[in-house]
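Quantities reported herein were computed from a predicted structural model and do not represent experimental measurements.
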Amino acid sequence: MLFADIDILDENFDHQPHQWVGVKDGRIVSVGAKAPEGAQAQEFGEVYDGAGKLLMPAFYNAHAHAPMTLLRGYAENLPLHAWLETMVWPFEAKMTAEDNYWATLLACAEMARYGVVSFSDMYFHTDERVRAVVESGCKANICESEMYFETKPFSEYVTFAKCEEYVAQYHGAADGRILIDYNIHAEYTSNPQTCKDIAAVTKEKGLRMHLHASETKSEHEECKERRGGLTPIAYFESLGVLDSPTTAAHCVWCEPADLDILAAHGVFVAANPASNMKLGSGYAPIPAMLERGVNVCLGTDGMASNNNHDMMQDLYLLASLYKGYQNDPTVVTPKQALSAATRMGALSQGRADCGLVRAGMRADLAVLDVSGPSWTPMTNPLVNAVFAGHGSDVCLTMCDGAVIYRDGVYPGIDLELVKAEAAARTRRIISEV
């Protein structure tokens, strides 16, 4: 595809008007102010009219629980632990493998609609989630989640053999769209021996780690009581967990010493502002993290605690709420926020050739319709994208050069069937709980 005469946010997230962006064989092959001519132009195939449009890197959702689309609106107005124990975990216990497949397809459709091409997913039934992601045309880093309450070697857990199989079968599948990560749900749902073993496996295999840390004040403080004063981040560091590339979700209650640990190990903090606010968990110290050089990316979390996968909503919150919280309008700049939602999210997934509009990068792109009233005047398209844009402005989402959403059409998803299946399965589960 050749995006013709289109405004873009370039590799530095600066606005460049009237550009021609050529995509071929899954990658961006040219970006420039001149239209290609003759045979060079023809090799791109379709010419996309860029009038009234803005081309930018697509979004990377750094922390999700995709099948929780079935719980949307189900567990509300509860603090995290009561929410988990009385509502979420009983519901999840009734979810079948096929439930997870349809719920993941619904999540993929929703994310593609809002310009998301890839997500890091922590949940169960990996086979079905992989199948859904591949069919949708999206990509994902997928890990199989389990609670490691019993102190024993990781090799004695069923998940050990499952993960070995998933890595062999799926890691790098679908031309690299599927990557398998390892997972420790949280400090309070695991034990030191198993954590050490999982850390050793990821280090040996060169794979990535995905975990929750310091999401609530009670989680953070109770960890310190259990672990001789160690915070969750310090605890995981002591076990070698952070020696592998790690995405740590939330990190709301991290202390200054934790931020030094995160920076030293190159940990990616997946901020989830909408979920953290909705559950009353608090506000992660994002400005302090950015000042210390911590890698900050952006996630939606699950749909029982956010209720939508519109990354532009979380982008707006990331860029705006800290200004009020810290009484400082200069913290978390639009470029920092957009980088967190795009390039840093890609890097958190180990996708170094993704997340920028630059020749040679994979063609993970979102096109926004900027002809509406909220985009006028176009004084600063970057600022408009962060503070005035909406997920509904996305009119095309491209993953690895393939269109996965365009003007209401999903090439890889029968949306009406998926919606019907998801709604019916939620009704069944609620009747069983």
Side-chain angles (χ1 to χ4, degrees), residues 61-95 99-100 102-104 106-107 110-111 113-114 119 121-124 145 147 185-189 211-223 232 248-254 269-286 298-322 324-325 390-392 419 422-433:
N61 187 343
H63 180 62
H65 308 284
M68 291 185 82
T69 48
L70 297 192
L71 287 95
R72 196 192 320 263
Y74 172 70
E76 299 291 334
N77 299 308
L78 289 169
L80 177 66
H81 291 288
W83 173 81
L84 283 170
E85 293 167 6
T86 66
M87 300 294 288
V88 172
W89 288 343
F91 187 105
E92 290 176 333
K94 300 293 185 180
M95 290 176 66
D99 291 338
N100 275 260
W102 290 103
T104 302
L106 180 61
E110 186 180 6
M111 286 193 240
R113 172 65 185 89
Y114 294 134
F119 58 100
D121 203 52
M122 181 192 296
Y123 217 65
F124 322 106
S145 190
M147 312 300 180
H185 176 265
E187 176 274 332
Y188 65 92
T189 53
L211 53 84
H212 296 99
S214 298
E215 184 172 359
T216 66
K217 185 175 182 180
S218 61
E219 171 200 336
H220 186 83
E221 295 300 328
E222 288 169 9
C223 173
H250 306 298
C251 296
V252 173
W253 291 91
C254 282
V269 172
N272 296 264
S275 174
N276 294 155
M277 290 174 66
K278 188 167 183 286
L279 288 174
S281 299
Y283 304 92
I286 298 299
L298 188 63
T300 60
D301 209 357
M303 292 304 93
S305 61
N306 184 331
N307 296 58
N308 68 75
H309 280 120
D310 185 350
M311 283 278 286
M312 294 191 77
Q313 172 179 279
D314 286 87
L315 174 64
Y316 175 86
L317 290 173
L318 182 67
S320 59
L321 68 85
Y322 291 100
Y325 184 63
H390 304 278
S392 57
K419 287 163 56 180
R425 289 165 187 276
T426 292
R427 289 194 297 269
R428 188 206 80 235
I429 294 168
I430 290 175
S431 73
E432 294 174 353
V433 172

Quiz item: With T216, which residues qualify under side-chain hydrogen bond (donor to acceptor under 3.5 Å, both in side chains), at least two apart?
Solution: S218
Quiz item: Are side-chain heavy atoms of P67 and T104 found at a separation under 4.5 Å?
Solution: yes
Practice problem: Answer with yes or no after comparing the ring centroid distance for H81 and Y188 against a 6.0 Å cut-off, counting only values under it. | Solution: yes
Practice problem: Decide side-chain contact (heavy atoms from CB on, under 4.5 Å) for L298 and L315; before the verdict, give the C-alpha distance in whole Å, the side-chain angles of both, and the deciding distance to 0.1 Å. | Solution: CA-CA 8 Å; L298 188 63; L315 174 64; 4.2 Å; yes
Quiz prompt | Nearest heavy-atom neighbours spanning H309 and A107 | solution = CE1-CB, 3.7 Å
Quiz item: For R72, what residues pass the side-chain hydrogen bond (donor to acceptor under 3.5 Å, both in side chains) criterion, not counting sequence neighbours?
Solution: E110
Self-check item: Check: D301 and H65 side chains under 4.5 Å, non-hydrogen atoms
Solution: yes
Quiz item: Applying salt bridge (charged side-chain N to carboxylate O under 4.0 Å, His left out), which residue pairs with at least one partner in residues 272-284 are found, sequence neighbours left out?
Solution: E76-K278
Quiz item: Residues in ring pair (Phe, Tyr, Trp, His ring centres under 6.0 Å) with F91, at least two apart?
Solution: Y74
Exercise. Report the residues that fulfil ring pair (Phe, Tyr, Trp, His ring centres under 6.0 Å) with H250, sequence neighbours left out, ordered by chain and then residue number.
Key: H63, H212
Per-pair distances, 0.1 Å, donor-acceptor, side chain in residues 426-433, under 3.5 Å, sequence neighbours excluded:
| from | atom 1 | to | atom 2 | distance (Å) |
| --- | --- | --- | --- | --- |
| T426 | OG1 | L70 | O | 2.9 |
| T426 | OG1 | A422 | O | 3.2 |
| R428 | NE | E432 | OE2 | 3.2 |
| R428 | NH1 | D99 | OD1 | 3.1 |
| R428 | NH1 | D99 | OD2 | 3.4 |
| R428 | NH2 | K94 | O | 3.2 |
| R428 | NH2 | D99 | OD2 | 2.7 |
| S431 | OG | R428 | O | 2.5 |

Practice problem: Please identify each residue that fulfils side-chain hydrogen bond (donor to acceptor under 3.5 Å, both in side chains) with T300, with sequence neighbours left out. | Solution: N61
Quiz item: Does E215 have any salt bridge (Lys or Arg N to Asp or Glu O under 4.0 Å) partners at least two apart in sequence or in another chain, and if so, which?
Solution: none
Self-check item: Summary of salt bridge (charged side-chain N to carboxylate O under 4.0 Å, His left out) pairs that have at least one residue in residues 303-318, sequence neighbours excluded
Solution: none
Practice problem: Mind checking ring pair (Phe, Tyr, Trp, His ring centres under 6.0 Å) for H390 and listing every partner two or more places apart, or none if nothing turns up? | Solution: none
Quiz item: By side chain to side chain contact (heavy atoms under 4.5 Å, CB included), which residues pair with W102, not counting sequence neighbours?
Solution: E98, L105, L417, V418, E421, R425
Quiz prompt | Heavy-atom check, side chain of C254 versus side chain of H220, under 4.5 Å | solution = no
Quiz item: Roughly how far apart are M87 CE and L78 CG, rounded to 0.5 Å?
Solution: 6.5 Å
Exercise. For Y123, check side-chain hydrogen bond (donor to acceptor under 3.5 Å, both in side chains) against everything at least two apart and list the hits.
Key: E92
